[in-house]
Amino acid sequence: MTGYRIPFGGRIDRSRPLTFTFDGQSYEGYAGDTLASALVAAGVTVFGRSFKYHRPRGLVATGVEEPNALISLDRGADRVTPNLRAPQISLYEGLVAKSQNRWPSLKHDVAVLNDVFGAFFPAGFYNKTFMWPRSAWEKLYEPVIRNLAGLGESPVARDPDHYDATYAHCEVLVVGGGIAGMEAALEAAAKGGRVFLIDEQDELGGGALADTTLWATVDDLRARLAAADNVTVLTRTTAFGYYHQNFIGASERLTDHVAPFAAKGAREKLWRIRAGEVVLAQGAIERPLVFNGNDVPGVMLSNAARTLALRYGVAVGRRVVVMAAHDSGWRDALALHALGIDIAAIIDMRTVVPGDLADEVRAAGIPIYPGHAVTAVSGRLAVKGVTFAAYGTGKPHKLACDAVLMAGGWTPSVHLWSHAKGSLEWSDAWGAYLPAKAIENCRVVGACAGAWDLGKGEISSALPNAMSVRKQKAFVDFQNDVKARDIHLAVQEGFRSIEHIKRYTTNGMATDQGKTSNLNALQIASNVLGKPVTDIGLTTFRPPYTPQTFGSLMGHHKDALFQPLRKTVIDDWAVAQGAVFENVSQWRRARYFPKAGEGMDAAVGRECQAVRSSVGIFDASTLGKIEVVGPDAAEFLNRMYTNPWKSLQPGRCRYGLLLREDGFIMDDGVSARIAEDRFHLTTTTGGAPRVLSMMEDYLQTEWADLDVWLTSTTEHWAVIALQGPRARDVIAPLVEGIDLSPKAFPHMAVREGTIAGVPTRLFRVSFTGELGFEINVPASEGQKVWDAIFASGKQYGITPYGTEAMHVLRAEKGYIIVGQDTDGTMTPYDMGLDWAVGKKKADFVGKRSLARPDIVAKGRKQFVGLLTEDPYEVLEEGAQIVVHPDEPVPMTMIGHVTSSYRSTTLGRSIALAVLVDGHARMGETVHIPMPEGVIRAKVTGPVFYDSEGSRLND
Amino acid sequence: MILIHCPYCEEDRPEVEFTYGGEAHIARPLDPSALDDREWETFLFVRTNERGLHAERWRHLHGCARFFNAIRDTVTDRFEVTYKTGEPRPDLTATTKAAKAGGKA
């Protein structure tokens with residue numbers, strides 16, 4: 001039996017006992033306890049198993065820096081949170097906690113063999129060992145490593161909680177609610193501005209909560225803060241990141257400290273706070289000492305033992321040894337002694353010990369061993385004793401004890417300071433880096449500024465020991481199982497910078513970001529290299545300060561609120577028809593309209609046939625639309641597009657091809673000249689914002705002299721595509737004011753009039769190769785017009801078709817889809833669109849690039865059709881094409897399939913592809929190697945149906 | 001989250017309202033066909049990649065939608081100044097030197 005409850009004192013409420021379980025066993029604690037304090041009080045020593053060696057590990061700290069005691073908290077109903085730090089879990093009635101990284105149990109863990117064979121797991125072991133063969137990674141190495149080396153298990157069910165988020169602004173934001181932080185907040189409040197004070201603990205007070213002599217001060221400061229109405233105090237809130245211009249991210253834990261049945265409302269609240277000035281009062285973290293056996297459960301930070309005793313009324317042991325390199329260990333020993341805890345000895349590596357403290361300690365009857373160091377710790381699941389010697393090498397002494405306290409000095413918490421890119425300066429007095437010059441409007445107070453008297457100390461790299469460092473179990477990073485020997489090894493193997501040493505040994509790369517280990521690692525590396533610490537670099541802290549839940553960062557941005565779903569005005573109708581949908585950029589589009597018992601292939605086949613033989617109706621409202629207006633509109637489009645626009649007459653349409661300045665195809669679409677000074681542009685569904693942005697760019701920054709206005713009209717128009725030989729017959733009874741006869745209204749023309757009484761811009765265009773109209777009406781009237789057309793088309797068997805049939809129909813005609821058949825490296829020539837390039841034009845965006853050496857060179861991929869030898873074989877889109885199927889891997893790939901469909905019209909499969917020098921390969925046979933075998937296909941032109949275009953002009 | 005001053009709106013607005021537009025003061029040649037391949041390549045692809053003060057284009061996309069220019073320090077990410085399209089690049093050498101001298105004092 002080691003730890004126990006001291007019968008008096010502490011800030012716990014002894015009138016409110018609480019019952020909880022840890023690994024299935026029931027324990028008791030009090031309100032005000034943490035899981036850590038209650039377990040130590042119950043005599044529990046082992047809190048978890050270490051990451052790599054599976055060594056039993058105990059509590060090291062009582063704060064955020066705790067590296068070992070990582071716990072999974074089960075709040076029922078799929079509420080499992082892994083990797084929580086036991087000293088930061090507030091106890092509540094019925095709490096269910098589980099240890100991690102052990103199997104089958106904490107006391108008996110089979111993977112502890114890792115420790116027995118630990119000599120074979122040095123730094124860089126994984127990098128060196130699990131290299132070849134590469135195929136073994138997925139099947140062998142990764143699953144085994146994941147199984148053995150791990151933290152808590154990630155929950156698999158959907159998180160049932162919800163998370164809040166808010167913005168706040170203030171004149172002064174103080175991070176850290178210790179005495180320094182509270183004083184800073186009061187000082188700022190006196191000036192009258194809005195002040196925020198953020199602290200991660202359950203109550204304000206910080207380190208002073210572990211010093212009863214300061215409790216009155218804490219109470220006074222808290223009362224004054226509560227009375228100040230311009231101060232907002234957020235406890236249980238972690239400021240996890242400090243971003244540009246004094247923007248702080250903080251998460252407030254709202255319900256995790258209360259029993260699940262009593263928890264109401266959001267679980268966490270994310271605060272995004274913009275502050276005029278930030279005051280950092282994050283305090284300092286005590287540093288462990290590196291010595292052989294320093295990870296046996298019961299070896300912990302000296303200040304943690306003090307906190308357990310004075311704040312929680314818990315003794316860490318019955319007989320305690322203090323291993324100090326700093327005065328604070330002596331003070332802690334005296335504080336524990338005053339509570340009746342037996343201090344077996346203070347061992348201090350310093351030869352000269354603090355005089356006045358030494359007198360007090362001697363008076364208390366505590367033995368002192370200056371100039372000595374612990375060389376070994378006995379015990380496996382709990383400390384049983386220590387061996388120590390003068391300078392680590394003299395005659396060994398032994399002492400029985402059940403706890404060892406490490407007082408290695410203090411590391412100012414410069415985490416947030418570093419997030420904000422503040423510079424750091426080495427302080428010999430602290431043996432640590434202190435904040436120097438700020439970039440943001442930020443200052444540092446209290447211990448994290450180095451401005452707090454914590455006593456004097458001497459900084460050591462690792463305690464001296466007669467035993468070779470290779471044989472010692474002297475841990476630097478407890479959470480990632482990095483020993484002093486690993487850092488020695490890294491240096492031996494040639495690593496010089498701490499950034500490299502860190503990555504090679506993984507020191508400081510665990511979830512605690514090396515809060516207790518970074519400076520010790522730095523000191524050891526400096527020692528081994530024989531260079532001052534300041535010469536070997538410094539790793540940088542980055543957000544988050546502590547691990548954050550995904551839920552808190554996500555807030556309400558999930559499901560439908562994660563990304564808006566754009567729906568057309570015909571969407572409800574399509575839902576009612578039982579359409580199957582697909583998402584195209586942010587749009588939801590009907591993919592096909594299956595009839596009862598019909599699969600996709602059958603439905604698409606039927607839809608295509610209806611368009612080719614009679615009439616189909618398609619919701620094309622998602623097409624991007626831009627209204628281009630102004631006296632220079634034609635001149636502007638002439639400069640933007642490859643085609644000539646000035647000669648286009650009002651009432652006519654043109655297929656426009658848009659390049660980037662580097663000559664590659666960016667977008668395409670049919671556009672109409674509505675009037676001399678007015679064009680109605682269309683873009684691809686996903687491309688509209690890009691195109692508008694590019695046009696605005698040229699208009700605003702290159703050709704500001706042009707008098708042109710661009711307006712996005714995508715959502716103003718509903719677009720109903722009516723395609724098929726019967727299309728004209730369907731709309732004829734509905735249209736007024738437009739002569740629909742082929743002569744008066746030819747292919748690629750636009751007219752204004754009304755349809756079903758609604759004003760329309762009626763385009764005679766086709767993306768199917770059939771006679772077709774695209775009927776633009778105001779979006780608010782879209783459904784009404786759709787219904788009228790549908791009713792009128794009944795007698796012709798009008799058939800709604802979706803994007804899948806649209807794809808097949810356009811592929812049969814060899815019409816490209818930008819972004820599917822092109823990939824951002826295709827020119828108009830590559831795609832066989834030479835006809836769309838105005839060769840007589842002096843300039844347009846991308847023209848000069850079409851003469852670049854790489855673009856006119858041979859060997860470019862070109863757009864072709866592919867017909868498989870087996871007409872029923874449908875190629876896979878994205879499949880690679882080769883010339884010689886028997887070539888050994890890696891084969892020479894000469895292109896890939898961009899589009900591939902089953903064509904009901906042609907009674908066979910068709911595919912489009914890009915192929916090196918494809919235009920010169922007509923009639924050649926190419927090969928498409930697939931896992932099931934090689935597919936042979938013949939290269940053809942990309943137009944499979946009605947290549948004369950006679951159906952269009954009917 | 002950086003606050004960016006839009007010189008047209010004359011407001012500091014959060015960076016999510018803005019989009020980046022690459023290096024500033026690279027004018028499209030008036031007659032691209034007069035450029036040889038090397039000159040055209042330089043216009044298309046070659047950028048200064050400054051460490052320090054960098055003149056760049058931004059657009060207040062979710063605001064006034066105007067393009068403007070900014071001098072941003074690529075080391076600190078600080079926006080030193082923003083200015084309207086068409087205005088010359090401000091000379092910050094004097095002010096930066098003064099700021100540095102002031103910082104040391």
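Just so we're on the same page: letters track the sequence lines, and every chain starts at 1. Model, not experiment: these values are computed from the prediction.
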If one checks every heavy atom of A:Q700 against chain B at 4.5 Å, the contacting part turns out to be both
Applying a strict 4.5 Å limit to non-hydrogen atoms, the region of A:N246 in contact with chain B is neither
So, the part of B:L44 with a heavy atom under 4.5 Å from chain A: the answer is side chain
The interface call for B:R59 against chain A, heavy-atom contacts under 4.5 Å, is side chain
message = Take a 6.0 Å sphere around CD of A:Q563 and say whether it holds more than 12 heavy atoms from other residues, nucleotides or ligands.
response = yes
Any chance the side chains of A:E499 and A:T539 put a donor and an acceptor closer than 3.5 Å? no
Applying a strict 4.5 Å limit to non-hydrogen atoms, the region of A:A704 in contact with chain B is neither
Note: vs chain B, highest number of non-hydrogen pairs under 4.5 angstrom among A:R272, A:R852, A:K421 is A:R852
If one checks every heavy atom of B:D36 against chain A at 4.5 Å, the contacting part turns out to be backbone
Applying a strict 4.5 Å limit to non-hydrogen atoms, the region of B:T85 in contact with chain A is side chain
Practice prompt. Please report the C-alpha distance between B:Y20 and B:W58 in whole Å, then the side-chain angles of each, then the deciding distance to 0.1 Å, and finally whether the ring pair (Phe, Tyr, Trp, His ring centres under 6.0 Å) criterion is met.
Written response: CA-CA 5 Å; B:Y20 180 68; B:W58 284 82; 5.3 Å; yes
*Please test B:R28 against A:E702 for salt bridge (charged side-chain N to carboxylate O under 4.0 Å, His left out), starting from the C-alpha separation and ending with a verdict.*
CA-CA 7 Å; B:R28 186 176 191 271; A:E702 299 290 352; over 6 Å; no
- Task: Answer yes or no: does atom CG of A:L561 have more than 12 heavy-atom neighbours from other residues, nucleotides or ligands under 6.0 Å?
- Result: yes
| query | How about A:F550: does its CZ atom have over 12 heavy atoms from other parts shown lying under 6.0 Å from it? | reply | no
Check your understanding: Any chance NZ of A:K839 has more than 12 other-residue heavy atoms, nucleotides or ligands included, within less than 6.0 Å?
Key -> yes
Heaviest contributor of heavy-atom pairs below 4.5 Å to chain B, chosen from A:K847, A:Q245, A:E696, is A:Q245
